[in-house]
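Report on the structure given below.
Lettering follows sequence order; numbering is per chain, from 1. Because the structure is a prediction, the values reported are computed rather than measured.
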Amino acid sequence: MWEKVLAVAKRRGFLWPAFDIYGGLRGFYDYGPLGTELKKNIIEIWREYYVLTEGFAEIDSPNLSPEMVFRASGHLDKFEDYMTVCGECGAAFRADNLVSAENADSLGAEDLWYEMRKERIRCPECGGELTKPEPFNLMFRTSIGPKGKKERVGYLRPETAQAMFMDFQHLYRYFREKLPFGAVQIGEGFRNEISPRQGLLRLREFNMAEAEIFFDPEDKIWPGFERYRDDEVLLLPNTGDELQISLGDAVKRGIIKSEALAYFVGLTRSFLLKIGIDRKKLRFREHLADEMAHYADECWDAEVLLSYGWVEVVGIADRTDYDLSRHMEFSGENLKAVRRYAEPREVEVSEVVPDFKKLGPLFKGDAKKVADALRAMNSDTLKGDVALEIDGREYVVPEDSYRVEKVRKKVSGEEFIPHVIEPSYGIDRILYAVMEHNYHEIEEGGETYRILRLPAPVAPVKAGVFPLVPKDGLDEKARLIYENLRKARINAFYDDSGSIGRRYARMDEIGTPFCITVDYHSLEDDTVTIRFRDTKEQVRVGTDRVAVEIADLIEKGGCTAP
RNA sequence: GCGGCUGUGAUCUAGCUGGUUAGGAUAGGGGCUUCCCAAGCCUCUUGCCCGGGUUCGAAUCCCGGCAGCCGCACCA
């Protein structure tokens, strides 16, 4: 099946293997003119959901990041696996899975190699000799800046998400310090897959659309949940069997842990159906504990049934406070939000008050550093002389150079690290799925007739415009209609070659929902026919009404006569 | 990365026990014809995955690479 879909995609200009004239390279595709348009339309509808409807803020950040970002995000550690290969049968294994040491996954190449030899580990498949473990990271590494001292290690991002965490402070302020809010980013991600396969399903450079929704972990009630509460979804929880259930009930029964997460399951489902995913071939599967990403606490994948089997197209993960905490730790910046009280409260807190009259003479220029360190200590347990270590130097602070005081303070709120829910969409996979789910073959007189039944809003070409025959002024009239459609920002396609049937067929194959034909009748009463892809029905409308009608039909999304 | 199968115009394919200008169909362009669903006629365009070897001569045999499919492994 995918061969057929990809064959049409290639022939008609949706997708081409990249670098084709040099033999191609696995895991890279070019989008042709129709594919680019289709992708654009899918992304535009995604924006309608996330940016226009939800009011989330879209940002756009670099593809290339300095190393520290992925130290903080965990991608460098968690994703640097050590691979060992069998010299006999060629099977590859993760070295840390073979050795019995408890901390195996944190060992380096040398230690793993030592362990492997100590335990006399051989190939679990055939008993052959294994090679020394080699680090393997799925991120593309490069260097930033000129060679030499100023050179820095950089990586192409494996997800767009990190920028939204790093920009948290800006975003928080942008949203007037109110939670929940969301940020989105649409862009490329890069993963150096060992073995890309199956067309668009595993690319090394791919398009993703991600949203990060920041919220107060004590308040996972989601304001707009009503919108999807009664939607029936097919769920596959990690604890039991597949079930059809409304999202409201799924939350009530604890199958999905929060309304917030369930909301994005509902939103995702609505989006996927709108762009043409077959509702019978869509389910949401909960990750098993051991397949969860290092940052996730709960994760539901939207999966679509393709000829390859069930394929993940969207991951909706509860990333908790993992990312913000890590970036706080690695950057030293404060990435917290404030939970404001209705009324500022008076609270009594104990505080360390350094006595500079004593500290000054004692520590001279270091006095301020010492005082800061003192203030940072737990005032409840502080007593007596205090030994401090700052920047490798030891200080002993005598008991009489500070005091602990109870202070009454006005507190207007408390700080906390927001939690994050992340719906992450693989655009390329979705685009392929939309094509496959809408690809139909009809046998007609021994010939195979292909129709791509794309919903009108995603179809790359909205309308074909034809003169029934290219003479007697029919062609001029058709060209005029074509021009008018384009002026109305409707992507139309003019064609006067060959027979009318052939032209309809061409449009059907690329998923064009409507065809407008100028016939001899048009010359008399200034009407033309609109032909509907899915039913081949035709209706007549006035020439001056065409652009409005088509715009209206696209809006409605259907592809049959009204 | 390993193993199996495979690679001929845009697509499907013939040729592949080595031997002239690689044949067909579909698609595509131009023209004729045509009053609504791949009709017909004329005409034209595009190809042996890449590199090396064997040979007088390679699409054909051998080696390597690249790519595709399937299986294994991997997949934050």
Side-chain angles (χ1 to χ4, degrees), chain A residues 2-4 6-13 16-28 32 70 73-81 83-94 97 123-126 128 131 134 136-139 158-159 161 189 191-199 201-204 287 291-296 299 308 311-312 315 317 319 322 424 442 444-451 464 466-472 474 497-509 515-523 528-529 531-533 536-538:
Chain A
W2 63 87
E3 290 105 326
K4 291 178 178 175
L6 289 177
V8 171
K10 186 179 170 191
R11 187 153 41 85
R12 291 301 186 184
W16 298 316
F19 320 114
D20 205 15
I21 64 168
Y22 292 108
L25 183 58
R26 308 157 103 174
F28 295 94
F70 300 116
S73 73
H75 286 97
L76 269 168
D77 299 335
K78 302 286 176 175
F79 227 56
E80 190 132 78
D81 291 334
M83 305 278 294
T84 178
V85 179
C86 171
E88 305 280 327
C89 69
F93 305 93
R94 277 177 57 174
N97 287 348
C123 174
E125 298 273 314
C126 71
T131 62
E134 298 251 2
F136 187 85
N137 193 290
L138 266 72
M139 288 194 293
E159 58 174 13
R191 295 177 192 182
N192 198 5
E193 298 284 353
I194 303 174
S195 175
R197 286 278 171 88
Q198 304 168 322
L201 264 43
R202 281 252 299 282
L203 297 175
R204 287 189 167 122
H287 273 206
E291 82 180 297
M292 209 100 68
H294 61 269
Y295 49 70
C299 184
Y308 301 98
V311 172
E312 171 198 353
R319 294 179 76 131
Y322 175 85
S424 171
I442 295 163
E444 241 173 42
E447 217 174 342
T448 311
Y449 196 94
R450 298 181 194 84
I451 307 183
F466 319 135
L468 188 57
V469 286
K471 58 177 186 184
D472 301 331
L474 296 184
S497 72
S499 72
I500 188 78
R502 180 181 292 269
R503 285 176 261 160
Y504 285 144
R506 254 198 289 259
M507 289 294 105
D508 288 344
E509 199 177 53
C515 288
I516 294 146
T517 303
V518 177
D519 55 21
Y520 282 94
H521 217 75
S522 309
L523 298 179
V528 293
T529 63
R531 177 254 193 196
F532 295 82
R533 180 192 63 210
K536 296 185 176 182
E537 294 165 286
Q538 292 189 330

- U60(B) versus G1(B) - spacing of their P atoms, nearest Å: 25 Å
Exercise. Per the atom types in the model, does the base of C35(B) pair as donor or acceptor with the side chain of Asp519(A) at under 3.5 Å?
Worked result: no
Rounded to the nearest 0.5 angstrom, the OH-CG distance for Tyr520(A) and Asp472(A) is 3.5 Å
Here the distance between atom C1' of C37(B) and atom CD of Gln538(A), to the nearest Å, is 8 Å
- Message: Taking the side chain as everything from C-beta on, heavy atoms only, tell me whether Arg191(A) gets closer than 4.5 Å to Arg202(A).
- Response: no
Here the distance between atom P of G68(B) and atom CG of Leu201(A), to the nearest Å, is 13 Å
Inset, instruction - Determine whether Pro467(A) and Arg503(A) make a side-chain contact, defined as any pair of heavy atoms from C-beta on separated by less than 4.5 Å. - result: yes
note: Asp508(A), atom CG; C36(B), atom C1'; distance rounded to Å ~ 13 Å
| Can Ser424(A) and Arg319(A) be counted as having a side-chain donor-acceptor contact under 3.5 angstrom? | no
Fill in: OP1 or OP2 of U34(B) under 4.0 Å from side-chain N/O of Lys471(A)
yes
Using the C1' atom as the point on both nucleotides, what is the distance between A27(B) and A38(B), in whole Å? 10 Å
His521(A) NE2 to C35(B) P, in whole Å, measures 16 Å
### Task
Take atom C1' in C62(B) and the same atom in U55(B), then report the distance between them in whole Å.
12 Å
request  = Taking atom C1' in both C48(B) and U6(B), compute the distance separating them and give it to the nearest angstrom.
outcome  = 15 Å
When both distances are under 3.5 Å in a Watson-Crick or G-U wobble arrangement, the nucleotide paired with C72(B) is G1(B)
To the nearest angstrom, the CG-C1' distance between Leu474(A) and C36(B) comes to 12 Å
Contacts of Arg191(A) and Ala7(A) projected onto RNA chain B by closest heavy atom; the upstream (5') one is Ala7(A)
Among C37(B), A76(B), U34(B), the one nearest any side-chain atom of Pro158(A) is A76(B)
TODO: Looking at every strand, decide which applies to Glu159(A) at a 4.0 Å heavy-atom threshold: base, sugar-phosphate, or nothing.
DONE: nothing
**Item:** Nearest-Å distance once atom C1' is located in both U45(B) and C2(B)
**Value:** 43 Å
Here the distance between atom P of A10(B) and atom CG of Leu6(A), to the nearest Å, is 17 Å
Closest of C37(B), C74(B), A76(B) to the Arg202(A) side chain is C74(B)
| Under 4.0 Å: is that the gap between some side-chain N or O of Lys10(A) and OP1 or OP2 of U11(B)? | yes
Per-nt protein contacts along nucleotides 38-48 of chain B (heavy atom under 4.0 Å; B base, S backbone sugar-phosphate only, - none) come out as BB---------
C41(B) -> Watson-Crick or G-U wobble partner, both distances under 3.5 Å, gives G31(B)
Exercise for the section: Pick the P atom in C44(B) and in G3(B), then give their distance to the nearest Å. Expected result: 49 Å
What one should report as the nearest heavy-atom pair of Gly464(A) and Met507(A) is CA-SD, 4.0 Å
Paired to C61(B) by Watson-Crick or G-U wobble criteria (both distances under 3.5 Å) is G53(B)
- [ ] Spell out yes or no: do the side chain of Arg26(A) and the base of C66(B) have one donor N/O and one acceptor N/O closer than 3.5 Å?
- [x] no
The Watson-Crick or G-U wobble partner of C66(B), with both key distances under 3.5 Å, is G7(B)
Checklist entry - Can you tell me if Tyr322(A) uses its side chain to pair, donor with acceptor, with the backbone of Ser73(A) under 3.5 Å? => result yes
- Looking only at atom C1', what distance separates U26(B) and G47(B), rounded to whole Å? 15 Å
Whole-Å distance, Asn192(A) CG to C74(B) C1', equals 12 Å
Assign Pro470(A) to base, sugar-phosphate, or nothing according to its heavy-atom contacts below 4.0 angstrom with the strands shown. base
Distance col, row Ile442(A):CD1 vs Ile451(A):CD1, nearest 0.5 angstrom, shows 3.5 Å
(message) I'd like to know if Asp508(A) pairs up with Arg531(A) as an ion pair, taking the criterion as any Lys NZ or Arg NE/NH1/NH2 lying under 4.0 Å from an Asp or Glu carboxylate oxygen.
(response) yes
By nearest-heavy-atom nucleotide on RNA chain B, the more 5' of Arg531(A) and Val469(A) is Val469(A)
The single option from Arg11(A), Lys10(A), Lys4(A) that satisfies side chain to side chain contact (heavy atoms under 4.5 Å, CB included) with Val8(A) is Arg11(A)
- P spacing across the pair C37(B) / C70(B), given as an integer number of angstrom: 40 Å
